[in-house]
Trainee: 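Pasting a structure below so you can have a look.
Fair warning: this is a prediction, and the values are worked out from it, not measured in the lab. All chains are named by letter (A, B, ...) in the order of the sequence lines, taking the proteins before the strands, and each is independently numbered beginning at 1.
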Number of protein chains: 2
Amino acid sequence: MSEVRVLIVEDEPIIAEDISDFLENIDFKSAGIAYDSETAFDMLLNRNPDIALLDITIEGSRNGIEVAQVIRDKYKIPFIFLTSHSDKETLDQAKKTLPYGYIVKPFNEKDLLSSLEMALFRHANENNNSIPKLEQINKSIATPLTEKEYVCLSQIFEGATNKQMAEKQFVSINTIKTHIKNLFLKLDVPNRTTAVQKVLVL
Amino acid sequence: MSEVRVLIVEDEPIIAEDISDFLENIDFKSAGIAYDSETAFDMLLNRNPDIALLDITIEGSRNGIEVAQVIRDKYKIPFIFLTSHSDKETLDQAKKTLPYGYIVKPFNEKDLLSSLEMALFRHANENNNSIPKLEQINKSIATPLTEKEYVCLSQIFEGATNKQMAEKQFVSINTIKTHIKNLFLKLDVPNRTTAVQKVLVL
DNA sequence: CGTTTTTTCATCTTTTAGGGTGAAATTATA
DNA sequence: TATAATTTCACCCTAAAAGATGAAAAAACG
């Protein structure tokens, strides 16, 4: 059974530990606790979390919001804000990051659980017909895909022909064919249909 | 075909036995009958059921709902409620556990079978990406697929070439091409890659 | 700055896919 | 038993995919 990896970004150790302990009891798994945004960025890069819990105000600044923006733009995982008594301006900025949920402190375990579930549900629904993330694919294969190979795979995913891919990427069809050839080698599949199948059941 | 293990949580022995007997006749397998929630938890832990049938009211209490919550949160297998004439409040609570289905007593074998199939199908779809049943596909398209067309689609799903399909089905490649041509028309797709994509996000 | 990886492209060949048309054999069913 | 639907097959053709080989730019990296 695949456990959900939760990244906790929270500068109050007591709260962070509490959450971490609770998560271990239900079948979530802590992907790490970050007490500042630098650590958060590092953990996002290296620990492959599935969802993040973000305190809006880390160490007095609004770093939680910065982390949220990076998550939304780059890591594309759902995130939930842990809010205490923030001012209106901070909350407005937080809203603009389109979070998957808010939990107001002090919160109970039931709130936390249902927020996590709802966020994961929403995220799963939004991404149900899309290709997994490059990092996710690369975790499952021997030789990692390059950026261009991943782009080709994504377009194969949408049923594009080599010609269409060449046009969209502004390169020759020969280039596309090379990428696809290497892609098939790395995925160890004979054709695009099985490539789609393989990546979908990753 | 791998047999599906069904856990029955039902405090009326007559009904429980009836269900158990019926399941043995179709290709399901009883993973045990629990007459109370304690036994249910024990069986969930030790008998690895694939799906559960839950009477909402076990021994006058609402233990069926508690069992459902644990299944959803911990065991993540699909479950179906067996309801009799429960009050609104109980039903509301049951709904909150997001069950995969309800069967209202008295129910016939056909209802039970179709509920089980539907629940297993939904769960399979949520967790991996195998090809849906023919009936499920036909509910979503204008002109229903024929048996042979569905067989071809299934093999396309596994990445087979027309040649391989012809060999497996002991027919000429021309026949396969005809089936696929009609398949594409009915699914309204231009090629096999998009066919896979379309059926997957049905 | 040199080395490695990635990205780019070409040319050639074989296989597979897909579209069009027609039609016979089989099966279901009214 | 007519009638309809399904399954079977044979041609035709063009487009697309895939495999093999080689190699030059471009970017990343130490």
Side-chain angles (χ1 to χ4, degrees), chain A residues 41-42 45-46 74 131 133-135 137-139 141-200, chain B residues 131 133-139 141-200:
Chain A
F41 293 135
D42 177 63
L45 196 59
N46 298 314
K74 186 171 176 192
I131 187 169
K133 286 183 288 179
L134 176 56
E135 296 78 34
I137 294 172
N138 282 345
K139 273 201 294 181
I141 58 179
T143 328
L145 302 186
T146 67
E147 282 293 324
K148 300 290 173 180
E149 284 159 2
Y150 180 69
V151 170
C152 288
L153 179 58
S154 307
Q155 293 183 231
I156 282 178
F157 228 74
E158 269 130 40
T161 65
N162 293 349
K163 201 181 179 185
Q164 291 170 329
M165 290 160 73
E167 281 162 6
K168 280 202 177 178
Q169 293 184 42
F170 303 105
V171 291
S172 106
I173 196 168
N174 302 297
T175 305
I176 298 294
K177 285 172 78 175
T178 305
H179 290 325
I180 290 180
K181 185 185 60 193
N182 295 327
L183 175 65
F184 287 171
L185 272 173
K186 290 179 179 179
L187 287 180
D188 188 29
V189 294
N191 55 48
R192 39 185 78 206
T193 311
T194 40
V196 167
Q197 190 63 13
K198 171 138 190 176
V199 171
L200 277 174
Chain B
I131 187 167
K133 294 252 167 63
L134 174 57
E135 297 75 37
Q136 187 64 26
I137 293 172
N138 282 345
K139 275 200 285 185
I141 57 180
T143 327
L145 302 186
T146 68
E147 280 294 324
K148 301 288 173 181
E149 283 158 5
Y150 180 70
V151 170
C152 289
L153 179 58
S154 305
Q155 293 184 230
I156 281 177
F157 228 74
E158 270 131 38
T161 66
N162 293 348
K163 202 182 180 184
Q164 293 169 328
M165 291 161 74
E167 282 162 5
K168 280 202 177 179
Q169 292 183 44
F170 302 105
V171 292
S172 107
I173 197 168
N174 301 299
T175 305
I176 297 295
K177 286 171 79 172
T178 305
H179 288 326
I180 290 179
K181 187 183 56 190
N182 294 329
L183 176 64
F184 287 172
L185 272 173
K186 290 178 179 178
L187 286 179
D188 189 28
V189 294
N191 55 49
R192 40 185 80 205
T193 311
T194 40
V196 168
Q197 189 66 12
K198 171 139 190 175
V199 171
L200 237 23

Trainee: Please report how far the helix from C:dC1-D:dG30 to C:dA30-D:dT1 bends, comparing the axis fitted to its first five pairs with the axis fitted to its last five, to the nearest 10 degrees.
Mentor: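 Between the first-five-pair axis and the last-five-pair axis there is 60°.
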
Trainee: Among pairs that include at least one residue of residues 161-184 of chain A, which meet salt bridge (Lys or Arg N to Asp or Glu O under 4.0 Å), considering only residues two or more places apart or in two chains?
Mentor: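 Passing the test, one end in residues 161-184 of chain A: no pairs.
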
Trainee: Counting just side-chain N and O atoms, does A:Ser172 come under 4.0 Å of either OP1 or OP2 of C:dA10?
Mentor: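 Yes, A:Ser172 has a side-chain N/O under 4.0 Å of OP1/OP2 on C:dA10.
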
Trainee: Got more than 12 heavy atoms from elsewhere within 6.0 Å of CG, A:Asp42?
Mentor: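 Yes - once you tally the heavy atoms of other residues, nucleotides and ligands closer than 6.0 Å, there are more than 12.
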
Trainee: Give, for atom OH of A:Tyr150 and atom CG of A:Leu183, the distance between the pair rounded to the nearest 0.5 Å.
Mentor: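 Rounded to the nearest 0.5 Å, the OH-CG separation comes out at 11.5 Å.
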
Trainee: How would you list, by chain and number, every residue that makes a salt bridge (charged side-chain N to carboxylate O under 4.0 Å, His left out) with B:Lys186, sequence neighbours excluded?
Mentor: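 For B:Lys186 the salt bridge (charged side-chain N to carboxylate O under 4.0 Å, His left out) partners, ignoring immediate neighbours, are B:Glu149.
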
Trainee: In whole angstrom, what separates B:Phe170's CZ from D:dC9's C1'?
Mentor: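 Roughly 18 Å, once rounded to whole Å.
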
Trainee: Nearest-Å distance, CD (B:Gln169) to P (D:dT7)?
Mentor: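 The distance from CD of B:Gln169 to P of D:dT7 comes to 10 Å, rounded to the nearest Å.
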
Trainee: Does atom CD (A:Gln164) have a neighbourhood of more than 12 heavy atoms from anything else shown, all under 6.0 Å?
Mentor: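 Correct, the count exceeds 12.
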
Trainee: The side chain of B:Lys181 lies closest to which of these nucleotides: D:dT8, C:dG20, C:dA10?
Mentor: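 For B:Lys181, the side-chain atoms sit closest to C:dG20.
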
Trainee: How far does CG of A:Asn162 sit from OG1 of A:Thr175, to the nearest 0.5 angstrom?
Mentor: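 Those atoms lie 11.5 Å apart.
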
Trainee: Can you tell me the distance, in whole Å, between the CD1 atom of B:Ile180 and the C1' atom of C:dG20?
Mentor: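 My rounded result for the distance is 16 Å.
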
Trainee: Just how far is it from atom CD1 of A:Ile156 to atom CD1 of A:Ile180, taken to the nearest 0.5 Å?
Mentor: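 The CD1 atom of A:Ile180 is 4.0 Å from CD1 of A:Ile156, to the nearest 0.5 Å.
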
Trainee: Measure from CG on A:Leu183 to P on D:dA17 and round the result to the nearest Å.
Mentor: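 Whole-Å distance recorded here is 14 Å.
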
Trainee: Taking 4.0 Å as the cut-off, does a side-chain nitrogen or oxygen of B:His179 come that near to OP1 or OP2 on D:dT7?
Mentor: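 It does not, given that no N or O in the side chain of B:His179 lies less than 4.0 Å from OP1 or OP2 of D:dT7.
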
Trainee: Rounded to whole Å, please give me the gap between CG in A:Leu185 and C1' in D:dT21.
Mentor: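 My rounded result for the distance is 14 Å.
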
Trainee: On DNA chain D, compare the nucleotides closest to B:Lys186 and B:Val171; which residue's is nearer the 5' end?
Mentor: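 Nearer the 5' end of the strand: B:Lys186.
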
Trainee: For A:Ser154, check side chain to side chain donor-acceptor pair (under 3.5 Å) against everything at least two apart and list the hits.
Mentor: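 For A:Ser154, no residue satisfies side chain to side chain donor-acceptor pair (under 3.5 Å) once neighbours in sequence are set aside.
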
Trainee: Output one line per pair: protein atom, nucleotide atom from nucleotides 12-17 of chain C, and distance, for all N/O pairs under 3.5 Å.
Mentor:
{"residue": "C:dA17", "atom": "OP1", "partner": "B:Arg192", "partner atom": "NH1", "Å": "3.2"}
{"residue": "C:dA17", "atom": "OP2", "partner": "B:Asn162", "partner atom": "N", "Å": "2.8"}
{"residue": "C:dA17", "atom": "OP2", "partner": "B:Asn162", "partner atom": "ND2", "Å": "3.4"}

Trainee: B:Lys148 side chain: which of D:dT8, C:dT7, C:dC9 is closest?
Mentor: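 Closest nucleotide among those given: D:dT8.
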
Trainee: Roughly how far, to the nearest 0.5 Å, is the NZ atom of A:Lys148 from the CG atom of A:Leu153?
Mentor: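 The NZ atom of A:Lys148 is 14.5 Å from CG of A:Leu153, to the nearest 0.5 Å.
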
Trainee: Would you kindly give the OH-to-P distance between A:Tyr150 and C:dT6, to the nearest whole Å?
Mentor: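 That distance rounds to 17 Å.
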
Trainee: Answer yes or no: does a side-chain N or O of B:Thr175 lie under 4.0 Å from OP1 or OP2 of D:dC9?
Mentor: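 Checking D:dC9 against B:Thr175, a side-chain N or O does come within under 4.0 Å of OP1 or OP2.
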
Trainee: Under 4.0 Å: is that the gap between some side-chain N or O of B:Thr146 and OP1 or OP2 of D:dA5?
Mentor: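 Negative; the distance criterion is not met.
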
Trainee: When the distance from CD1 of B:Ile176 to C1' of D:dT7 is rounded to whole Å, what number comes out?
Mentor: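 Taking atom C1' of D:dT7 as the reference, CD1 of B:Ile176 is at 11 Å.
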
Trainee: Which whole-number value in Å describes the distance from A:Glu149 CD to C:dT7 C1'?
Mentor: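 After rounding, the reported distance stands at 10 Å.
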
Trainee: So, using side chain to side chain donor-acceptor pair (under 3.5 Å) as the criterion, who are the partners of A:Thr194 when residues are at least two apart?
Mentor: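 So A:Thr194 forms a side chain to side chain donor-acceptor pair (under 3.5 Å) with A:Asn191.
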
